[in-house]
Asks: 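A single structure is presented below for examination.
If you're wondering where the values come from, they're calculated on a predicted model, not measured in any experiment. In what follows, every chain begins at residue 1, and chains take the letters A, B, ... in the order their sequences are listed.
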Protein chains: 2
Amino acid sequence: MSEVAALVGDRARAEMLSALVSGRALTAKELAYVAKVTPQTTSEHLSKLVEAGILTFNTQGRFRYFRLASAAVSQMLEGIMTVAASRRVPTFRDPTLARARICYDHLAGQLGVAIADSLIRNGHLLLGPDGGEVTESGETFLAKLGIDVKGSRRRRRAFCRPCLDWSERRYHIAGAIGAAVAERCFEMKWVNRIEESRALHITPAGEKGLLATFGIKRVAAEKVSSHQ
Amino acid sequence: MSEVAALVGDRARAEMLSALVSGRALTAKELAYVAKVTPQTTSEHLSKLVEAGILTFNTQGRFRYFRLASAAVSQMLEGIMTVAASRRVPTFRDPTLARARICYDHLAGQLGVAIADSLIRNGHLLLGPDGGEVTESGETFLAKLGIDVKGSRRRRRAFCRPCLDWSERRYHIAGAIGAAVAERCFEMKWVNRIEESRALHITPAGEKGLLATFGIKRVAAEKVSSHQ
DNA sequence: AAGACAGTTCGGTGCACACCGAAGAGTGCC
DNA sequence: GGCACTCTTCGGTGTGCACCGAACTGTCTT
């Protein structure tokens with residue numbers, strides 16, 4: 001256990017892993033940039049992480065694209081982040097990140113929690129610490145958005161999993177259905193990735209769509225959450 | 001994130017934390033013993049872990065009893081262990097640990113998985129990566145064992161949660177109901193804690209009871225699991 | 001074939017920190 | 001009060017390892 005934790009325990013490697021929780025595959029040079037170390041040092045770090053089964057890569061020409069090796073790794077990192085965040089003063093280095101961000105492959109932050117809330121309020125979703133489920137009305141509702149719930153359900157991975165949000169300290173939707181919702185939001189250009197970050201930008205079309213679909217009024221305008 | 005992971009990343013501290021995943025509260029001296037370092041060194045480690053919100057302690061006379069600070073910490077450690085175990089060759093340092101052990105406050109290892117399997121097979125329990133639930137017939141069944149399912153359900157903590165077993169690579173029951181089952185097994189003297197370890201010993205009464213109740217024939221006799 | 005660029009390997013430097021011995025503070029028992 | 005015991009604080013030592021510069025391999029471009 002200590003070997004794995006020690007790998008995550010290095011500042012530079014932790015920065016690289018945080019960047020990869022976005023689910024994207026990044027090249028060694030990009031990772032060097034986010035970790036603020038030279039390519040030589042990055043290379044050492046990456047080979048250790050691959051050796052330990054935390055990352056995998058595939059080579060395309062002279063580029064090497066690194067990504068998290070498994071969902072177990074992603075879950076481990078979320079676990080560490082949750083403990084780390086629980087200690088921190090409620091000041092976020094990046095308020096954009098608290099507003100809307102990507103968490104491996106699904107939406108998180110105020111936006112992720114707001115979507116989950118809206119679905120729950122309207123009887124489309126059940127979500128608790130033990131797990132989650134989409135109701136029949138939810139299946140119909142999401143179909144109108146262009147999401148194939150039955151298809152998601154058939155996939156091997158967890159279908160609907162609660163994910164504890166480290167900034168909001170509440171649950172948002174993960175699993176196949178969480179990924180499907182996020183994918184549709186990208187496709188419809190409701191949200192854009194902000195370069196070099198897990199943060200997301202909500203487009204004007206997104207503001208409209210989110211209000212019309214989920215009744216979400218500008219997450220940006222919401223006060224910093226009021227719990228604890 | 002890196003600070004928290006770095007704390008777990010030290011060999012001695014990781015040994016202490018592993019010992020505490022058993023859910024028991026241990027004194028500084030006991031932790032010094034499991035970590036194989038002097039009391040002075042242990043004291044430093046413990047104060048760092050408390051400072052970081054990973055451990056808490058309560059003082060009783062001249063003793064200080066340390067325990068994990070929260071369920072989030074426990075979940076983080078399980079996550080790290082899962083990733084660490086996924087890499088290891090399928091040789092366990094301690095086969096007793098693979099057979100039956102305590103995982104925070106519930107049963108794990110071959111025994112934990114076998115109990116979950118039996119309950120599922122008989123329609124008493126639903127358990128998947130997304131969560132779990134006890135059925136009506138399960139409620140009746142567990143009541144006969146002396147477990148108050150409704151009472152467990154009312155508790156604030158997660159009621160029935162899947163926990164990925166690092167030795168079996170399959171799910172066993174965690175959450176309030178998992179803790180309740182474990183507690184009853186202790187009360188009925190089906191299993192005993194083995195000193196200084198998370199491992200459990202199955203008593204002769206336990207062998208009988210487990211066979212009669214769950215149809216489990218000696219987990220000790222089972223072959224080392226056949227996956228991967 | 002030459003140059004540009006991505007990534008790796010090697011060798012050396014410097015710092016952070018785990019560790020222990022010695023000494024001190026607080027508690028319990030007789 | 002005196003002694004035993006648990007735990008902590010302080011100071012000094014040793015080492016593991018992150019880091020970089022320099023040099024090398026491999027791929028793409030022109």
Asks: Using a heavy-atom cut-off of under 4.0 Å over every strand shown, decide if A:K36 touches base, sugar-phosphate, or nothing.
Replies: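 Since no nucleic acid heavy atom lies under 4.0 Å of A:K36, the category is nothing.
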Asks: For D:dC17, take OP1 and OP2 only and decide whether either is under 4.0 Å from a side-chain N or O of A:H45.
Replies: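 For D:dC17, neither OP1 nor OP2 has a side-chain N or O of A:H45 closer than 4.0 Å.
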Asks: With distance as the sole test, does A:T203 use its side chain to make a donor-acceptor pair with the main-chain N or O of A:W190 at under 3.5 Å?
Replies: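 Here the side-chain-to-backbone pair exists.
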Asks: For a quick check, with a 4.0 angstrom heavy-atom cut-off, what is the B/S/- contact string for nucleotides 2-9 of chain D, read 5' to 3'?
Replies: --BBSSBB
Asks: State plainly whether the residues A:E187 and A:R184 are in salt-bridge range, i.e. N to O under 4.0 Å.
Replies: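 A:R184 and A:E187: salt-bridged.
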Asks: Just by modelled atom types, is the A:L210 backbone N or O under 3.5 Å from a matching donor or acceptor in the A:T213 side chain?
Replies: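 Answer holds: no.
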Asks: Starting from C1' on D:dG16, measure out to CG on A:L7 and report it in whole angstrom.
Replies: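 Computing the A:L7:CG to D:dG16:C1' distance gives 14 Å.
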Asks: Can you tell me how far P of C:dA18 sits from CG of B:L49, to the nearest Å?
Replies: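 Roughly 10 Å, once rounded to whole Å.
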Asks: Tell me: CG of A:L31 to P of D:dC19, nearest whole Å?
Replies: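 Between P of D:dC19 and CG of A:L31: 14 Å.
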Asks: For B:K48 and C:dA18, what is the distance between atoms NZ and C1' respectively, to the nearest whole Å?
Replies: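 Between C1' of C:dA18 and NZ of B:K48: 7 Å.
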Asks: In whole angstrom, give the distance that lies between atom CZ of A:R11 and atom P of D:dC19.
Replies: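 Those two atoms, CZ and P, are 6 Å apart.
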Asks: Whether the side chain of B:R13 engages the backbone of B:L7 through a donor-acceptor N/O pair (distance < 3.5 Å, no angle test) should be reported.
Replies: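 Answer holds: yes.
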Asks: side-chain hydrogen bond (donor to acceptor under 3.5 Å, both in side chains) with A:Q60: which residues, sequence neighbours excluded?
Replies: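 Listed in chain order: nothing, the list is empty.
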Asks: Report the distance from atom CG of A:D10 to atom C1' of C:dA16, rounded to the nearest whole Å.
Replies: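 Spelled out: CG on A:D10 to C1' on C:dA16 is 12 Å.
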Asks: Between atom CZ of B:F66 and atom OG1 of B:T27, what is the distance when rounded to the nearest 0.5 Å?
Replies: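 Interatomic distance, B:F66 CZ to B:T27 OG1, rounded to 0.5 Å: 8.5 Å.
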